[in-house]
Amino acid sequence: MAMDPKKDYQGLSDECLKVMSEVEAFCEKEVKQTAIDADANPEVQDKKMMEVIAKACELGYNAFDVPKEHGGPGFTKLESVALLEKMSYYDAGFGITISANGLAAGPVLIGGNDAQKARIYEIIAHGGIGSFCLTEPAAGCDASAGQSVAYKDGDEYVINGGKCFITNGPLASYYVVFAMTDKSKGAGKGYSAFFIDKKIDEVPGMSIGRIENKMGIRNSQVSEVLFDNVRVPASALIGSEGQGFKLAMMTLDVARITCGITAIGICQRALDEATEYCKQRVQFGAPLSTNEVIQFKLADMAMKLQAGRQLCIHATDLYMQHVPFSTEAAMAKCVASDASAYISSEAVQIFGGYGFMRNYPVEKLMRDSKIFQIFEGTNEIQRMVIGRNIVK
Ligand code: CAA
């Protein structure tokens, strides 16, 4: 039961459906095999996969929701979500890399001034992808525990500190960085956000630390990003001093939807691979697909997939209608990522011993799925957000 864009996502424009077919053709040709090779061999990742990512950015796959007046196609959030599911179907690491603008540009689009917004759209419309620098060694789930600091010096800010687990750290065209400008006020009012509109090698004092060797989504580059007396103009401040934490939280609300839909891409791929396999695989004299035990597994997988997808769509609808959606975004991320962990594991189960082998497609999906229960707020944090909002 493949994704049906007209049925599963109601209201996509003809232009979006056309681009979706192009994305599909591109991913079949360029992403599908390269992603498997790159997952197995990081040296290939550095070369071939990076070329594919660059090509996708040239085609504008990083810029679906950039408005027309800023040089993008101006797709709605729902349309960009649907397109992201399609890209993630082929490789979740590719989807995360390409879609990171949603997370990285968020603070600027929510709290930035017109000049900052125009600049970020300019970078993205020219193929740039961003990096959201929030997490630190001591500040994972507890985003308020960050130790990075920034102080004002004349008409500049000076940033010091270190970020870890930063998606697109080594390859971003711009960075949004959170640092404490007033420790006495605590994170809620002491954090500030800065928009650094340059590549890392153009910013003195900014550097990449360790590049992580990950269990899954190995085609998404994740690294430390370090700040040693990094000077940025005062105009890099997003909003005003002390707004950083709220900007981060509001951005994460949106990003949790896109995180969820990327996990749904994995779910759909795992269901399709398992369905195809069980039609071919004969045991006890008949294809596995005729066995009710297997059919029930496929049914459970399909139900969880659709529940996760529809929650993502529902949260997107609320966002588009400017209705509070924080609770629903947390639900969507949590249900979709739990679904991808379950469905990819069941796909391995249906493949049996072959599923455990690296030359079959489903073990990668199982590895890729795990991080979705962890990043952009662990699923325990999502439950905390949902629970707090219920009792509020
Ligand atoms: N929107 C607006 N404001 C919000 C908000 C939201 N969604 N959530 C909290 N706030 C505000 C609160 O109203 C409060 O404001 P006041 O001080 O004015 O009352 C302030 O922020 C502090 O809020 P809390 O007291 O709720 O803060 P907390 O310290 O208890 O933490 C938390 C809340 C939800 C647990 C938060 O720390 C959190 O989300 N943690 C998870 C961090 C996370 O998701 N990290 C992911 C990093 S990015 C990543 O993983 C992506 C990647 O690489 C691909």
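Residues: numbered from 1 along the sequence shown. Atoms within each ligand, like the ligands themselves, are counted from 1 in listed order.
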In terms of residue, atom name and distance, what is the protein heavy atom nearest to atom 37 (O) of ligand 1?
-> C141 O, 3.4 Å
Do E376 and K333 sit within salt-bridge range, that is, some charged N less than 4.0 Å from a carboxylate O?
-> no
Nearest protein heavy-atom contact for atom 52 (C) of ligand 1: which residue, which atom, what distance?
-> T167 OG1, 3.4 Å
Atom 27 (O) of ligand 1: which protein heavy atom is closest, and how many Å away?
-> F245 CE2, 3.7 Å
Supply the atom-to-atom distance F372 CZ to C259 SG, rounded to the nearest 0.5 angstrom.
-> 5.5 Å
To atom 42 (C) of ligand 1, the nearest of S220, A104, G140, S131 on a heavy-atom basis is G140
Look at R383 together with E380 and state whether they make a salt bridge at an N to O cut-off of under 4.0 Å.
-> no
Could you tell me whether K304 and D338 make a salt bridge, using a distance below 4.0 angstrom between a side-chain N and a carboxylate O?
-> no
Which residue holds the protein heavy atom closest to atom 34 (C) of ligand 1, what is that atom called, and what is the gap in Å?
-> V385 CG2, 3.8 Å
Say whether T135, considering both its backbone and side-chain N or O atoms, lies within less than 3.5 Å of an N or O atom on ligand 1.
-> no
Tell me, which protein residue and heavy-atom name are nearest atom 29 (O) of ligand 1, and how many Å apart are they?
-> S144 OG, 3.9 Å
For ligand 1, does C259 get within less than 4.0 Å through its side chain, its backbone, both, or neither, judged by non-hydrogen atoms?
-> neither
Answer yes if the side chains of Y174 and N168 hold a donor-acceptor pair under 3.5 Å, and no otherwise.
-> no
Salt bridge or not for R367 and E363, using N-O below 4.0 Å?
-> yes
Using heavy atoms and a threshold below 4.0 Å, how should the contact between R256 and ligand 1 be classified: side chain, backbone, both, or neither?
-> side chain
Evaluating non-hydrogen atoms only, which member of K246, K185, E380, K163 is closest to atom 3 (N) of ligand 1?
-> K246
Say whether Q306 and D8, considering side chains only, have a donor N or O and an acceptor N or O under 3.5 Å apart.
-> yes
Please work out whether the ring planes of F351 and Y277 are parallel, tilted or perpendicular, with thresholds of 30° and 60°.
-> parallel
Say whether G188, considering both its backbone and side-chain N or O atoms, lies within less than 3.5 Å of an N or O atom on ligand 1.
-> no
Could you check E273 against R269 for salt bridge (charged side-chain N to carboxylate O under 4.0 Å, His left out), going step by step and ending with a plain yes or no?
-> CA-CA 6 Å; E273 294 284 357; R269 180 74 180 273; 2.9 Å; yes
Among Q382, E376, M250, the residue with a heavy atom nearest to atom 2 (C) of ligand 1 is M250
Can you tell me which residue and heavy atom of the protein come closest to atom 7 (N) of ligand 1, and the distance to 0.1 Å?
-> D253 OD2, 2.8 Å
Protein heavy atom under 4.0 Å of atom 17 (O) of ligand 1 | yes
Numbered atoms and elements of ligand 1 in range of A143, under 4.0 angstrom, heavy atoms | 37 (O), 42 (C)
F375 heavy atoms within 4.0 Å reach ligand 1 at atoms 50 (O), 54 (C)
Among R388, M384, M249, K333, closest by any non-hydrogen atom to atom 28 (P) of ligand 1 = R388
Is a salt bridge present between E51 and K47, judged by a nitrogen-to-oxygen distance below 4.0 Å?
-> no
May I ask you to decide whether D39 forms a salt bridge with K364, counting only side-chain N to carboxylate O separations under 4.0 Å?
-> no
Could you tell me the separation between the CG atom of D317 and the CD1 atom of I257, rounded to the nearest 0.5 Å?
-> 9.5 Å
Identity and distance of the protein heavy atom lying nearest atom 19 (O) of ligand 1 = K189 NZ, 4.7 Å
Have a look at ligand 1 and work out which part of L103, if any, has a heavy atom under 4.0 Å from it: side chain, backbone, both or neither.
-> side chain
Any N/O pair G377/ligand 1 closer than 3.5 Å | yes
